[in-house]
Amino acid sequence: MAEKLVKPYGDTLNDGRVQLSFTLPVALDDAAKEGARQLAMMMGLAEPAVVHAEDMGQDFSFFIVYGQCKHQVDLSSIKVSRPEFETLDKEGVNRLIAEKMRRKMVVIGACIETDAHTVGIDAIMNMKGYNGHKGLESYHEMRAINLGAQVDSEDLVKRALEEKADVILVSQIVTQKNIHLDNLTRLADLLEAEGLRDRVILIVGGPRISHELAKELGYDAGFGTRTYAEDVASFAVHEWIKRNST
Ligand code: B12
């Protein structure tokens, strides 16, 4: 495939101009400003200039640095792993469930462990949905159960068993110190221990979740930002059909 080289631009094409912001754990003074400039240079920016510096109080300072990126990337050489499926609209999903499953698809979702960010899972599951895309609760061939925030993995697994869930949706937003990796691994292990792993379609989502990461952690699919209910629903119904076709 022909090379497709790109680099950032600010004023003119290919000038490489970028803006970088960061905080230093020191009070704002001339040395801190020069330190910020030198750090940007060490990060690979040419001709860095501190264009904004702010005292954040209690020995913290914030900087915005402009500089020039010398690198370019060949987009034609990049492969991004994505779940393979055809995205259907809500009616298409409902039709396929009715035709192939001949019962409602049970979907249970939660934001697990210490994570309290419910907006993402609500966007996928709640009736009103997100950005004009209705959530799974509005799909009449689905029974969508949203357990909300800070759900222990044990409780999610227990409820999934009780409800005979076909699909488990997990949301992980906080990734500080890789806490999401511990949480997601723990849930996958618990499902395995309960003998439930192969019986459910296990899906994780969040702004820093990729399909590749999800597969590495033993999940069936991973979805990141700009995901809508119909993406998840389409993947789930296609996956169910794949597993249940003889
Ligand atoms: C709102 C918010 C909060 C609210 C949450 C309220 C609530 N009920 O959800 C409150 C104030 C409680 C909060 C608290 C904290 N927050 Co906060 N919060 C945010 C904020 C501003 C917006 C998140 C959001 O709602 N996005 C909108 C939704 C629609 O987007 P989304 O979550 O990405 O969801 C989409 C996709 O990711 C995907 N998706 C998500 N989940 C799922 C699941 C499935 C199954 C699928 C298929 C798809 C999917 O689909 C969604 C729709 O497209 C972000 C910053 C930001 N701008 O993103 C910080 C942010 C997430 N918070 C952060 C932090 C650090 C915290 C705190 C730790 C702060 C603190 N020191 O106390 C606490 C932690 C609380 C806790 N125990 O979890 C950090 C996380 C950093 C990191 N990488 O870990 C962020 C990024 C802010 C930052 N830049 O530092 N927060």
Side-chain angles (χ1 to χ4, degrees), residues 19-23 25 56 58 60 62 64 80-85 87-88 90 93 105-139 142-153 155-157 159-160 163 165-188 191 197 200-215 217-240:
Q19 172 180 313
L20 172 73
S21 67
F22 56 89
T23 304
M56 303 286 283
Q58 292 190 340
F60 283 92
F62 174 74
I64 298 177
V80 179
S81 154
R82 291 187 183 287
E84 299 281 326
F85 63 93
T87 303
L88 306 170
K90 184 161 81 166
V93 170
M105 176 178 255
V106 181
V107 182
I108 191 160
C111 193
I112 60 167
E113 304 299 340
T114 50
D115 204 328
H117 294 84
T118 45
V119 183
I121 192 76
D122 289 350
I124 302 297
M125 297 195 76
N126 285 9
M127 182 66 78
K128 79 173 179 346
Y130 175 58
N131 217 5
H133 298 248
K134 294 276 188 193
L136 300 182
E137 282 175 359
S138 73
Y139 287 55
M142 283 190 168
R143 197 156 72 78
I145 306 157
N146 183 353
L147 301 182
Q150 297 190 318
V151 176
D152 288 341
S153 294
D155 293 341
L156 175 58
V157 172
R159 193 68 192 275
E163 303 285 355
D166 299 295
V167 183
I168 297 182
L169 299 182
V170 191
S171 183
Q172 283 290 268
I173 309 301
V174 177
T175 56
Q176 286 169 329
K177 298 187 176 161
N178 281 335
I179 183 75
H180 62 308
L181 302 184
D182 297 341
N183 294 343
L184 292 169
T185 305
R186 192 156 170 274
L187 176 64
L191 286 167
R197 177 60 194 93
V200 293
I201 297 166
L202 185 58
I203 301 174
V204 55
R208 280 159 291 274
I209 299 294
S210 66
H211 183 55
E212 195 177 8
L213 174 71
K215 295 297 277 184
L217 295 172
Y219 285 60
D220 295 308
F223 290 88
T225 49
R226 304 174 74 121
T227 302
Y228 296 121
E230 60 266 30
D231 300 316
V232 188
S234 300
F235 173 80
V237 69
H238 287 306
E239 180 68 18
W240 189 94

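For clarity, every value in this text was computed on a predicted model and none was experimentally measured. Just the heavy atoms: all of them, side chains too, but no hydrogens, waters or symmetry mates, feed the values below. Every number for a ligand or one of its atoms is a count from 1 in the order of the listing.
A heavy-atom distance below 4.5 Å is not found between the side chains of Ile201 and Asp166. For the pair Lys134/Tyr228, no side-chain contact is recorded, criterion being any heavy-atom separation below 4.5 Å from C-beta on. Contact of the Asn183 side chain with the Asp115 side chain is not registered, since no non-hydrogen atoms from C-beta on lie closer than 4.5 Å. Contact check for Val237 versus Glu239: no side-chain heavy atoms found under the 4.5 Å cut-off.
With respect to atom 47 (C) of ligand 1, the closest heavy atom belonging to the protein is Val232 CG2, 3.4 Å. Ranking protein heavy atoms by distance to atom 68 (C) of ligand 1, first place goes to Gln176 OE1, 4.0 Å. Protein heavy atom at the shortest distance from atom 77 (N) of ligand 1 is Thr114 O, 2.8 Å. Scanning all protein heavy atoms for the shortest distance to atom 46 (C) of ligand 1 gives Gly205 CA, 3.6 Å. Closest to atom 34 (O) of ligand 1 among all protein heavy atoms lies Gly120 CA, 3.3 Å. Among protein heavy atoms, the minimum distance from atom 9 (O) of ligand 1 is reached at Thr118 N, 2.7 Å. Nearest to atom 80 (C) of ligand 1 among the protein's heavy atoms is Arg208 NH2, 4.2 Å. The protein atom (non-hydrogen) at minimum distance from atom 39 (N) of ligand 1 is Gly206 N, 3.6 Å.
Put simply, the residue from Ile168, Ile203, Leu213, Val170 that forms a side-chain contact (heavy atoms from CB on, under 4.5 Å) with Tyr219 is Val170.
Per-atom contact check: atom 49 (C) of ligand 1 touches the protein, criterion being a heavy-atom distance below 4.0 Å. Protein non-hydrogen atoms do reach within 4.0 Å of atom 16 (N) of ligand 1. Per-atom contact check: atom 12 (C) of ligand 1 does not touch the protein, criterion being a heavy-atom distance below 4.0 Å. For atom 26 (N) of ligand 1, the protein comes within 4.0 Å by no heavy atom at all. Using a 4.0 Å threshold on non-hydrogen atoms, atom 89 (N) of ligand 1 does not count as touching the protein. Less than 4.0 angstrom separates atom 1 (C) of ligand 1 from none of the non-hydrogen atoms of the protein. The nearest protein heavy atom to atom 57 (N) of ligand 1 is not closer than 4.0 Å. Remark: atom 70 (C) of ligand 1 lies closer than 4.0 Å to no protein heavy atom.
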Note to self: Pair Asp220, Arg197 - check salt bridge (charged side-chain N to carboxylate O under 4.0 Å, His left out), show working.
What the structure shows: CA-CA 10 Å; Asp220 295 308; Arg197 177 60 194 93; 3.1 Å; yes
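What you find for Met105 and Ala236 is that their closest heavy atoms are CE-O, 3.7 Å. Val93 and Ser234 make their closest contact through CG2-OG, 3.8 Å (heavy atoms, listed as atom of the first residue, atom of the second, distance). The two residues Ser138 and Lys90 have their closest heavy-atom pair at OG-NZ, 3.1 Å. Between His117 and Ser171, the shortest heavy-atom distance links the atoms O-OG, 4.4 Å. Considering all non-hydrogen atoms of both residues, Leu184 and Gln172 come closest at CD2-CG, 3.8 Å. Pairing each heavy atom of Ala229 with each of Ile124, the nearest pair is CB-O, 3.5 Å.
Contacts of Glu163 classified as side chain to side chain contact (heavy atoms under 4.5 Å, CB included), with partners at least two apart in sequence or in another chain: Val106, Ile108, Arg143, Ile145, Arg159. Residues satisfying the side chain to side chain contact (heavy atoms under 4.5 Å, CB included) criterion with Ser153, sequence neighbours excluded, are Ile112, Glu113, Arg186, Leu187, Leu190. With sequence neighbours left out, Ser21 forms a side chain to side chain contact (heavy atoms under 4.5 Å, CB included) with Phe62, Ile64.
Those atoms of ligand 1 that come under 4.0 Å of a heavy atom in Thr175, given as number and element, are 82 (C), 83 (N), 84 (O). Close approach to Pro207 involves these atoms of ligand 1, each under 4.0 Å from a residue heavy atom: 33 (O), 37 (O). In summary, the atoms of ligand 1 found under 4.0 Å from a heavy atom of Val170, numbered by their order in the structure, are 43 (C), 44 (C), 45 (C). Residue contact check: Val119 has heavy atoms under 4.0 Å from atoms 7 (C), 9 (O), 25 (O), 27 (C), 28 (C), 29 (C) of ligand 1. Atoms of ligand 1 lying under 4.0 Å from any heavy atom of Arg226, numbered from 1 in the order shown and given with element: 53 (O). Contact atoms of ligand 1 toward Gly224: 36 (C), 37 (O), 38 (C) (distance under 4.0 Å to a heavy atom of the residue). Shown in contact with Ser171 at under 4.0 Å from a heavy atom are these atoms of ligand 1, numbered in order with element: 40 (C), 41 (N), 42 (C), 43 (C). Which parts of ligand 1 touch Gln150 is read off a 4.0 Å heavy-atom cut-off, strictly below it: atoms 77 (N).
For atom 53 (O) of ligand 1, the candidate residues are Thr227, Asp231, Asn131, Ile124; the nearest heavy-atom contact is made by Thr227.
Below 3.5 Å of separation, one finds no N or O of Gln172 facing any N or O of ligand 1.
Considering CD1 of Ile209 and NE2 of His180, their distance stands at 5.0 Å, rounded to 0.5 Å.
Not one N or O on the side chain of Asn146 forms a donor-acceptor pair closer than 3.5 Å with the backbone of Met125. Between the Glu230 side chain and the Leu88 main chain, no donor and acceptor come within less than 3.5 Å of each other.
Using cut-offs of 30° and 60° for the angle between ring planes, the Phe235 and Phe223 rings count as perpendicular.
Residue contacts with ligand 1 for Tyr228 are absent, since no atom lies close enough (heavy atoms, distance under 4.0 Å).
Within the 4.0 Å heavy-atom shell around ligand 1 one does not find His180.
Within a 6.0 Å sphere centred on CZ of Arg208, heavy atoms belonging to other residues, nucleotides or ligands number more than 12.
Protein N/O/S atoms found under 2.8 Å from atom 17 (Co) of ligand 1, listed by chain and residue number: His117 NE2.
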